J.: 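Before we start, here is the structure in question, set down as structure tokens.
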2 protein chains.
Amino acid sequence: MSPTIKVLLAEDQSMVREALAALLGLEDDIEVVAQVARGDEVLAAVREHGVDVALLDIEMPGCTGIEAAAQVHGALPAVKLVVLTTFGRPGYLRSAMEAGADAFLVKDAPAAQLAAAVRKVLAGERVIDPTLAAAALAEGANPLTDREREVLRAAADGSTNAELAAALHLSQGTVRNYLSTAIQKLAVRNRAEAVRTAREKGWL
Amino acid sequence: MSPTIKVLLAEDQSMVREALAALLGLEDDIEVVAQVARGDEVLAAVREHGVDVALLDIEMPGCTGIEAAAQVHGALPAVKLVVLTTFGRPGYLRSAMEAGADAFLVKDAPAAQLAAAVRKVLAGERVIDPTLAAAALAEGANPLTDREREVLRAAADGSTNAELAAALHLSQGTVRNYLSTAIQKLAVRNRAEAVRTAREKGWL
DNA sequence: GCTGCCGGATGACAGATGTCATACGGCGAA
DNA sequence: TTCGCCGTATGACATCTGTCATCCGGCAGC
């Protein structure tokens, strides 16, 4: 009856990407018309191929799937967006939704949900794992300020205060202040734990 | 001519696992006869289904794909082992080979290499990315002692010296000594960097 | 039987990190 | 307009971390 659904797949690991394409290729009503390996190639590819639904992994070089989703949503609001991720972090779900995503799937969900989600978003539905949705709501919003987040992100690789200060054009004392407040807000005891929990919650 | 190749797929993320199954299902001479999501279910499944080739992801609950490979290699040496991983860490390659793996593939290699590797290992070949092999050789062996590795692994989540000491039944001073030697061996400047580089090299 | 290395420990010291009080300009909400 | 928060900064202080020298018992290799 209706023409096939044109899907774009954005995922950096070729093997996974092509495997997902094979999976979707088994569906009669779905056609993978484009594949990209970088977040910053998504928008152009969506435009070029007249994509109906974009399937976006979060962790990608160039820019994240969430940023790509925001770009597509801004430029072509009719395109449906499915965000697909390894990590079921509530903060990711929240950001994805704010970026205009229509569905949020974790990669350890059954494969059948992928094609199902594609059809549902095209029908105007939103697809979100209820457990994750609950977790996202229960956890509340990111308590970190922009600067705190930046400093924490920069500190994630084990850089010292002096290096952070140089990299962010701040004084060492200020760096310590930000880390200190971040540590308190996250209710942890040092920067390493702060990085860890912020990551887990998708707040980084 | 020859009967189909019986393959087992071990990978914890359902969506990826089933997608890889779909991919391999497109090949006439390959049949995915078993899928497991945990490392500790591999050996039993290999036995039960008379598997020819086991495809093992490294990061899995239960036990790692490398440990699973060692088990299978010990119990059923005729079974060919393909280790598949997200991270092309030279240390992983080294451990995989020591565990008896016949092939080592990274997930960002083209999908076609998967079926190709399955056929090659069955023909007695070994399949290893030459760049990775070079990196593994260039890097040398893991310089960390068992204890240093344990302490570093335990320190990875940001635990303080006191917690590490308690968890590992050591004195705080000893914990600091191990971390200090690990930091020197890895040529870095603090425990966070040590964790980071040890992870990168697959030495953790 | 030495010589090394590993696991384990102590003490001392320097430098890094975390906390707190305090300050100032800007900006948004009440 | 006043209050509060953010970004930025300083100084002082306590604690944590990293380094080093030194020690012990055990065990492997020469």
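In what follows, chains carry the letters A, B, and so on, assigned in the order in which the sequence lines appear, proteins first and then strands, with residues in each chain numbered from 1. In this text, all values refer to a predicted model and were calculated from it rather than measured experimentally.
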J.: Expected output is a numbered-order residue list: members of residues 145-152 of chain A with a heavy atom under 4.0 Å from any atom of DNA chain D. What is it?
T.: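 Contacting residues: A:Thr145, A:Asp146, A:Arg147.
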J.: Once rounded to the nearest 0.5 Å, what's the spacing between atom CH2 of A:Trp203 and atom CG of A:Leu152?
T.: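 So the gap between those two atoms works out to 11.5 Å.
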J.: Applying side-chain hydrogen bond (donor to acceptor under 3.5 Å, both in side chains), which residue pairs with at least one partner in residues 73-84 of chain A are found, sequence neighbours left out?
T.: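 Counting only pairs at least two positions apart or across chains, no side-chain hydrogen bond (donor to acceptor under 3.5 Å, both in side chains) contact touches residues 73-84 of chain A.
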J.: For B:Arg119, which residues count as a side-chain contact (heavy atoms from CB on, under 4.5 Å) partner, sequence neighbours excluded?
T.: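 side-chain contact (heavy atoms from CB on, under 4.5 Å) check on B:Arg119 returns B:Ile5, B:Glu27, B:Asp29, B:Ile30, B:Ala115.
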J.: How would you list all residue pairs meeting salt bridge (charged side-chain N to carboxylate O under 4.0 Å, His left out) that involve residues 184-198 of chain A, not counting sequence neighbours?
T.: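 Residue pairs passing salt bridge (charged side-chain N to carboxylate O under 4.0 Å, His left out), neighbours aside: A:Glu148-A:Lys185, A:Arg189-A:Glu193, A:Arg189-B:Glu163, A:Arg196-A:Glu200.
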J.: Of all residues at least two apart in sequence or in a different chain, which pass the side-chain contact (heavy atoms from CB on, under 4.5 Å) check with A:Ser171?
T.: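 side-chain contact (heavy atoms from CB on, under 4.5 Å) check on A:Ser171 returns A:Thr174.
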J.: If you round to the nearest 0.5 Å, how far is CD1 of B:Ile66 from CZ of B:Phe104?
T.: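 Here the interatomic distance stands at 6.5 Å.
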J.: Please list all pairs meeting salt bridge (charged side-chain N to carboxylate O under 4.0 Å, His left out) that have one or both residues in residues 50-70 of chain B, counting only residues at least two apart or in different chains.
T.: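 Qualifying pairs: B:Asp57-B:Lys107.
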J.: Using a 4.0 Å cut-off on heavy atoms, which residues in residues 163-170 of chain B reach DNA chain C? List them by number, or say none.
T.: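 Close to the strand are B:Leu170.
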J.: Do the non-hydrogen side-chain atoms of A:Leu24 and A:Leu55 ever get within less than 4.5 Å of each other?
T.: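 Yes - at least one pair of side-chain heavy atoms lies under 4.5 Å apart.
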J.: Between atom OG1 of A:Thr85 and atom CG of A:Leu56, what is the distance when rounded to the nearest 0.5 Å?
T.: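 The OG1 atom of A:Thr85 sits 11.5 Å away from the CG atom of A:Leu56.
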J.: Decide, yes or no, whether a salt bridge links A:Arg147 with A:Glu150 under the criterion of side-chain N to carboxylate O below 4.0 Å.
T.: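 Answer for the salt bridge query: yes.
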J.: Working to the nearest 0.5 angstrom, can you tell me the gap between B:Glu48 CD and B:Glu41 CD?
T.: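 It is 11.0 Å, given to the nearest 0.5 Å.
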J.: Which residues pass the side-chain contact (heavy atoms from CB on, under 4.5 Å) test with B:Ala135, sequence neighbours left out?
T.: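 So B:Ala135 forms a side-chain contact (heavy atoms from CB on, under 4.5 Å) with B:Pro90.
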J.: What does the B/S/- profile of nucleotides 11-30 of chain C look like, 5' to 3', with a 4.0 Å heavy-atom cutoff to protein?
T.: -B----BBBB----------
J.: What's the separation between atom CG in A:Asn190 and atom CD1 in A:Ile183, rounded to the nearest 0.5 Å?
T.: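 Atom-to-atom, A:Asn190:CG and A:Ile183:CD1 are 6.5 Å apart.
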J.: Give me the first and last nucleotide of DNA chain D, going 5' to 3', that has any atom under 4.0 Å from a heavy atom of chain A.
T.: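 With heavy atoms of chain A under 4.0 Å away, the range is D:dC6 to D:dA12.
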J.: Identify, with sequence neighbours excluded, every residue that meets side-chain contact (heavy atoms from CB on, under 4.5 Å) alongside A:Ala21.
T.: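 Here the qualifying residues are A:Leu9, A:Val32, A:Gln35.
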J.: Nearest 0.5 Å, please: how far is OH in B:Tyr92 from OG1 in B:Thr64?
T.: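 The OH atom of B:Tyr92 is 8.0 Å from OG1 of B:Thr64, to the nearest 0.5 Å.
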J.: Can you pull out how bent the helix from C:dG1-D:dC30 to C:dA30-D:dT1 is, comparing the axes over its first five and last five pairs, to 10°?
T.: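 Here the helix ends are tilted 30° relative to one another.
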